[in-house]
Number of protein chains: 2
Amino acid sequence: MNKKVYKIHSEICKTLSNPVRLEVINLLRNKKRSVGELVNLTKISQSTISQHLTILRQKNLVLTKRKGKNIYYSLAYPEMIKACDIMRNILFKQLKKNEKLVQKIRRGK
Amino acid sequence: MNKKVYKIHSEICKTLSNPVRLEVINLLRNKKRSVGELVNLTKISQSTISQHLTILRQKNLVLTKRKGKNIYYSLAYPEMIKACDIMRNILFKQLKKNEKLVQKIRRGK
DNA sequence: TAGAATATCCGAATATTTAAATATTTTGGT
DNA sequence: ACCAAAATATTTAAATATTCGGATATTCTA
């Protein structure tokens with residue numbers, strides 16, 4: 001595999017490696033949402049949300065469509081959700097393992 | 001979804017958002033590999049490879065097992081590869097779209 | 001216990017994140 | 001067509017984080 005592929009791949013991952021952007025992506029899972037909706041749903045500042053949407057747009061991970069006063073964002077590649085879900089499952093497995101470890105240590109005392 | 005989940009998820013993605021670590025993960029796709037093997041296969045400095053392996057270990061994304069003089073690394077969650085492959089497919093789709101765009105612009109001239 | 005394999009420390013260069021302030025864009029009413 | 005207001009985007013700068021390889025340290029085996 002060409003090194004350039006890893007570089008580009010890493011940039012996609014970097015785009016996903018921010019909690020705000022992951023929350024936004026998750027909110028776009030099956031619905032288009034306007035910027036204002038995303039601000040309300042996340043309770044994150046308009047400026048911050050807009051900046052993160054800009055990043056997602058620049059990386060071509062979201063699409064935009066104006067409807068009246070609002071601009072609606074949606075996922076450019078809905079299969080992105082699958083990748084996120086796999087990672088979330090791994091995350092949950094890790095948490096469970098930690099729980100078990102904590103319990104073992106407790107019992108060991 | 002709890003904000004903490006997005007935070008942890010973002011840390012997994014951050015761990016993946018480096019070309020060296022992605023190359024290592026890809027090399028571990030179906031084989032255990034020693035540090036030296038990874039250095040030789042990637043042509044990346046021993047120091048750098050080791051630092052990235054440390055990060056992968058800290059995030060519990062790889063497992064280690066000593067065999068003689070070598071320490072062999074393997075994937076803790078082989079399904080991680082699926083997530084990577086989905087992202088790589090998205091990446092390829094994006095590249096194809098760009099190619100097509102370039103051709104359109106060329107024809108338009 | 002020497003030497004091979006791997007890990008850590010360091011510091012300079014670079015990148016990311018945030019919200020306030022400000023700018024831009026577009027609508028909807030007249 | 002024009003204007004006020006709503007919606008969204010951009011700029012800025014300080015705080016923080018990441019990355020790299022050389023130098024060095026540690027660990028383990030034979």
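Here is the naming used below: chain letters follow the sequence lines, and residue numbers restart at 1 for every chain. Here the structure is a predicted model, which means the values were calculated and not measured.
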* Taking the side chain from Q94(B) and the backbone from K59(A), do they hold a donor-acceptor pair closer than 3.5 Å? ->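 Yes, because the side chain of Q94(B) sits within donor-acceptor range (under 3.5 Å) of the backbone of K59(A).
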* Heavy-atom donor-acceptor pair, T54(A) side chain to S50(A) backbone, under 3.5 Å ->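 Judged by distance alone, yes, a pair lies under 3.5 Å.
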* **CD1 on I55(A) to NZ on K14(A), rounded to 0.5 Å** =>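 Result: 11.0 Å between the selected atoms.
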Interatomic distance where [atom1] belongs to [X] and [atom2] belongs to [N] [whole Å]:
X	N	atom1	atom2	value
L53(B)	dT27(D)	CG	P	18 Å
L22(B)	dT18(D)	CG	C1'	15 Å
Q58(A)	dT17(C)	CD	P	12 Å
K7(B)	dT16(D)	NZ	P	14 Å
K14(A)	dA17(D)	NZ	P	16 Å
Q51(A)	dT22(C)	CD	P	16 Å
K59(A)	dA15(C)	NZ	C1'	11 Å
K67(A)	dT26(C)	NZ	P	18 Å

* To do: May I ask you to verify whether the side chain of Q46(A) and the base of dA9(D) hold a donor-acceptor pair under 3.5 Å?
  => yes
* Between the base of dG21(D) and the side chain of S47(B), is there any donor-acceptor pair under 3.5 Å? ->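 Side chain to base: pair present.
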When you measure from the side-chain N and O atoms of [X] to the phosphate of [N], is any distance below 4.0 Å, counting only OP1 and OP2?
X	N	answer
Y73(A)	dA9(D)	yes
N18(A)	dT17(C)	yes
K69(A)	dG28(C)	no
R66(A)	dT8(D)	no
H52(A)	dT16(C)	no

* **Matching residue for E23(A) among K4(B), K7(B), K3(B) - test: salt bridge (charged side-chain N to carboxylate O under 4.0 Å, His left out)** => K3(B)
* **Short side-chain donor-acceptor distance under 3.5 Å, S47(A) and Q51(A)** => yes
* Asked: When we call it a touch if two heavy atoms are under 4.0 Å apart, what does T54(B) touch: a base, just sugar-phosphate, or nothing?
  ->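 Sugar-phosphate only.
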* Asked: Of N70(A) and T48(A), whose closest DNA chain D nucleotide lies nearer the 5' terminus?
  ->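 This one resolves to N70(A).
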